[in-house]
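Just so you know, ligand 1 is whichever comes first in the structure, and atom 1 is the first atom listed for that ligand. Since the model is a prediction, treat every value here as computed from it, not as a measurement.
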Amino acid sequence: MPAHSPKSRNRELKSGGGGRLEFLVLSKPPAALQRAASEPPSPRHRAVQQVEGPGSGLGLRRDSASSSSQPDDDCMKLNPSLLGIALRSLLAIDLWLSKRLGVCATEDSPWGSARPIMKLIEVSGHGIPWIGGTLYCLCKSDSTAGQEVLLNLLLALILDLVLVGIVKSLVRRRRPTHNKMDMFATFSVDRYSFPSGHATRAALGGRFFLNHLVLAVPLRVLVMLWVCIVGLSRVMLGRHNVTDVVCGFSMGYLQYSLVEYMWLSSSNLQTFLRLLGI
Ligand SMILES: CC(C)=CCC/C(C)=C/CC/C(C)=C/CC/C(C)=C/COP(=O)(O)O
């Protein structure tokens, strides 16, 4: 009888001798294991491969004792953490809600006719009018107190542009697919959507106005309304997902606290202005 006749191979398969059974089983793994094997190796797998050599795949060298217990990595892949599920669910809700709220994303959208007014609101929260307006008022201001507030506002707006740019380039979240990219005066990082720069500026500017301008109650309400409308318009225009705006508001709020903490007094500012030649 030849050494590997069908009969003798069958005996080997049944007894599991010579490792053939394991190899045949692994050549058709269950779907979950197939998925796990196709994913890039985890640091632990990489370490095992380094020790065992590149040919040692998932379980190839596992003996019967170790194959009865799942390795930690497999458990992690088959049972994703609660936090992972929560984040993925939040992301799915975010995308779904943002798409539903993007009713002014194009002229053909359900509220497409409201697009011009939404774009006007967009301009009101843009960096150019804010920085330009602050610079203009700074040049016109003749009181030291006014100059102090305006110069701190200017620095806050510049800080905001820098911080938003850094976070956008780190996170690199794409704008929603339904967004029509027709914004004016953008930086290259503005192709990314997280966080919304308009939302950070609105929250920062809103807090600045409420804390440093003596405003009557109706005007204070108006400022708060404007902040909310700027945020909502970002989603309605399809520029952002809801989470971009919510996180933008939080970031702008915190930025204001940072500016208050680092507040430059008028004496420091006089030196600063003299250095700038203003
Ligand atoms: C007007 C003067 C005198 C100076 C302007 C200074 C200057 C160069 C400001 C840059 C302003 C600018 C281009 C800001 C970007 C604003 C923007 C498109 C943000 C993106 O917002 P998002 O909500 O879509 O993330």
Among M181, H240, R239, closest by any non-hydrogen atom to atom 22 (P) of ligand 1: H240
Side chain to side chain contact (heavy atoms under 4.5 Å, CB included) between R173 and T243, intermediate numbers included: CA-CA 11 Å; R173 187 184 198 187; T243 44; 2.8 Å; yes
Test ring-ring contact (aromatic ring centres under 6.0 Å, His included) applied to Y256 and W263, step by step: CA-CA 10 Å; Y256 176 81; W263 191 263; 7.9 Å; no
Y253 six-ring face occupied by R207 cation (under 6.0 Å, within 45°): yes
Minimum-distance protein heavy atom relative to atom 5 (C) of ligand 1: I131 CG2, 4.2 Å
Spatial distance of atom CD (E122) from atom CZ (R115) [nearest 0.5 Å]: 8.5 Å
Atom 13 (C) of ligand 1 [closest protein heavy-atom partner, distance rounded to 0.1 Å]: A185 O, 3.3 Å
Single-linkage hydrophobic cluster M224~I229, side-chain heavy atoms < 4.5 angstrom: yes
Nearest neighbour in protein (non-hydrogen) for atom 25 (O) of ligand 1: K168 NZ, 2.5 Å
Ligand-side contact atoms (ligand 1) for residue partner R234, heavy atom cut-off under 4.0 Å: 22 (P), 23 (O), 24 (O)
Element-labelled atoms of ligand 1 that are located less than 4.0 Å from some non-hydrogen atom of G132: 1 (C)
Step-by-step side chain to side chain contact (heavy atoms under 4.5 Å, CB included) determination, L157 to R201: CA-CA 7 Å; L157 291 170; R201 203 159 24 253; 3.8 Å; yes
Ligand-residue contact atoms, ligand 1 with M183, heavy atoms, under 4.0 Å: 18 (C), 20 (C), 24 (O)
Ring geometry between F184 and H126 (parallel below 30°, tilted from 30 to 60°, perpendicular above 60°): parallel
Interatomic spacing from CG in N152 to CG in L159 - rounded to 0.5 Å: 11.5 Å
Heavy-atom donor-acceptor pair, H240 side chain to R234 backbone, under 3.5 Å: no
Atom 20 (C) of ligand 1 [closest protein heavy-atom partner, distance rounded to 0.1 Å]: D190 OD1, 3.5 Å
Closest approach of any protein heavy atom to atom 3 (C) of ligand 1, naming residue and atom: L135 CD1, 3.8 Å
Atom indices of ligand 1, in the order listed, that fall short of 4.0 Å to a heavy atom of I128: 1 (C), 11 (C)
Ligand-residue contact atoms, ligand 1 with S196, heavy atoms, under 4.0 Å: 23 (O), 25 (O)
Closest approach of any protein heavy atom to atom 21 (O) of ligand 1, naming residue and atom: H198 ND1, 2.9 Å
Polar side-chain atom of S141 near backbone of L138 as donor-acceptor pair, under 3.5 Å: no
Per-atom contacts, ligand 1 versus G197 - under 4.0 Å to a heavy atom: 21 (O), 22 (P), 23 (O), 25 (O)
Atoms in ligand 1 with a heavy atom of T186 nearer than 4.0 Å: 18 (C)
Atom 8 (C) of ligand 1 protein-contacted, heavy-atom criterion under 4.0 angstrom: no
Validation row, ring centre W130 to ring centre Y136 under 6.0 Å: no
Where ligand 1 meets R175 - atom numbers and elements under 4.0 angstrom, heavy-atom basis: 22 (P), 24 (O), 25 (O)
Whether E122 lies under 4.0 Å from ligand 1, heavy atom: no
Minimum-distance protein heavy atom relative to atom 10 (C) of ligand 1: F187 CZ, 3.7 Å
Donor-acceptor pair, side chain of R239 and main chain of S233, under 3.5 angstrom: no
Region of D244 that comes within reach of ligand 1 [heavy atoms, distance under 4.0 Å]: neither
